[in-house]
Amino acid sequence: MIPAKFEYIKASSVSEALDLLAKHGDDAQLLAGGHSLVPAMKLRLNQPGAVIDIGKIEELKNISEDDNHLVIGAGCTHEQVATSSLVKENAKALAQAASSIGDLQVRNMGTIGGSLAHADPAADYPAVILATGAKIVVEGSSGKRAIDAADFFQGIFTTALEGNEMITEVHVPKAENGVYLKFSQPASRFAVVGCAAIKNANGVSVGLTGVTDTAYRASAVEEAYNGDSKAASEHAVDGVEVMGDHFASAEYRSHLAKVFTERALNALT
Amino acid sequence: MQIKVKVNGKEHISDVTPMQSLAAYLREELQLTGTHIGCDTSSCGSCTIIVNGKAVKSCTLLAAQVDGDEITTIEGLAQNGEMHPLQSAFKENHGLQCGFCTPGMIMTAVNLLEDNPKPSEEEIRHGLEGNFCRCTGYHNIVKSIQHAADSMK
Ligand SMILES: Cc1cc2nc3c(=O)[nH]c(=O)nc-3n(C[C@H](O)[C@H](O)[C@H](O)COP(=O)(O)OP(=O)(O)OC[C@H]3O[C@@H](n4cnc5c(N)ncnc54)[C@H](O)[C@@H]3O)c2cc1C
Ligand code: FES
Ligand code: FES
């Protein structure tokens, strides 16, 4: 399978990538690890006129910390996130989500920025990004802004990113404890259902992915939780229109969401 | 467009089209047909090679992406006519039947043993999640990698 014709341009810095995005407009797509974009282009589901390769931009590949946050470059691969000692110590759930993605070869190429921008409803990171209350830092021709996780994911493959913007960093608050558990689709390993539970000074927060057209924060679970994981997990899909497909019916997905929420909450204590 | 790559120690400067996959480039331009294309959709792992030390599925990379990179394919593992310990172990332990998946299995195992020189059986099975074999039932593949790990100590 061969993609439709396109122009390939390599960007060597964030500012160069932003200039190229501004110049080529809607006809251009960024390419990070290419592990969502290249398959889509080969199937001709996506036919950009220009592809701007940001995969070799070194300034996007660092993981660092300040007092309260981890600062993760958008170009960090899933494998880098999964094996980073900073991430394992301060955002355990994020490391667990990263290490559960696809397989070794996919983790060696795919990036956190690419996954968040792609916003697959079955992607793993969004559950953790929502539960930790992370911020997604984006840059574009009109400057830099930090988007709250809660405002970033807007629907199936849809985010708050504007056409001329790119993700440069993800700021993840450090947490006392956290866990990410998923029921994997057996072939692709995408999440049929994935649950992140995070414990910090203010209590417990919960994010779910795979359940509906976009990941969400399970506020009803958080409000109901008083130490009884089972009772709280009954609220996992409150107010949510649960998806059904040939992997799992809506009824089965709702059941999985409750079971994985209960397990994640239990794992925190 | 032009790319410069080092493949199995040898430098190549080639003209590629943006649309060309890395797997197609290796097979068709460099005649390195040990890298197999099974699914061409990043599922089966038979096209796995090593780029800058990491196992990747070459059907899902563009040749253009690896400009400046160092690549090892199955053809680059043997040194001075001596098989790599993983190759010998697959031979000794019947780690292959038809052999279609084998180059990908071995290249993934190279990365696996690099990261973790003494993996448990479970760690090996987890590490091979991206590689399918239609013949062996995986048992002898896992055994081969265990034996290779022992012999590489
Ligand atoms: C076999 C297989 C199994 C997989 N299994 C899983 C799984 O279990 N769980 C899971 O979560 N994912 C899974 N994935 C998806 C994988 O995680 C992708 O790597 C990820 O979704 C996209 O990251 P990328 O860097 O490859 O992005 P690309 O494919 O390069 O880009 C994806 C999209 O994001 C845009 N983009 C990329 N970087 C940026 C940026 N910095 N700013 C703005 N836009 C950007 C691109 O323009 C494109 O539209 C799987 C993929 C494969 C091929
Ligand atoms: S041919 Fe590349 S993964 Fe199957
Ligand atoms: S030996 Fe035939 S596919 Fe693995």
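Protein chains get the first letters and strands the later ones, always in sequence-line order, with residue 1 at the start of each. Nothing here was measured: the structure is a model prediction, and the numbers come from that model.
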* Just wondering, are more than 12 heavy atoms of other shown residues or ligands nearer than 6.0 Å to CD in B:Glu114? -> no
* A:Asp26 atom CG, over 12 foreign heavy atoms within 6.0 Å -> no
* Please state whether the rings of A:Phe183 and A:Phe260 are parallel, tilted or perpendicular, taking 30° and 60° as the class boundaries. => perpendicular
Interface moiety of [X] toward chain B, non-hydrogen atoms closer than 4.5 Å:
{"X": "A:Met109", "answer": "side chain"}
{"X": "A:Leu37", "answer": "neither"}
{"X": "A:Lys5", "answer": "both"}

Using non-hydrogen atoms only, which part of [X] is less than 4.5 Å away from chain A: side chain, backbone, both, or neither?
{"X": "B:Ile37", "answer": "neither"}
{"X": "B:Thr60", "answer": "both"}
{"X": "B:Val16", "answer": "neither"}
{"X": "B:Met19", "answer": "both"}

* Could you check which of A:Lys10, A:Glu7, A:Met41, A:Lys42 has the highest count of heavy-atom pairs closer than 4.5 Å to chain B? => A:Lys42
* Check the pair B:Lys57 / A:Asp103 against salt bridge (Lys or Arg N to Asp or Glu O under 4.0 Å), numbers first and verdict last. => CA-CA 10 Å; B:Lys57 293 175 175 174; A:Asp103 51 58; 2.8 Å; yes
* Step by step, work out the salt bridge (Lys or Arg N to Asp or Glu O under 4.0 Å) result for B:Asp69 and A:Lys56. => CA-CA 11 Å; B:Asp69 291 350; A:Lys56 290 253 159 73; 3.1 Å; yes
* Of all of B:Asp67, B:Leu112, B:Thr41, B:Leu128, which one pairs up most often with chain A through heavy atoms under 4.5 Å apart? -> B:Asp67
* **Max heavy-atom pair count under 4.5 Å with chain A, selected residue of B:Gly45, B:Ser43, B:Ala55** => B:Ala55
* To do: Could you point out which residue of A:His35, A:Glu79, A:Gln80 forms a side chain to side chain donor-acceptor pair (under 3.5 Å) with A:Arg107?
  => A:Glu79
* Asked: About how many Å separate CE of B:Met107 and OG1 of B:Thr102, when rounded to the nearest 0.5 Å?
  -> 13.0 Å
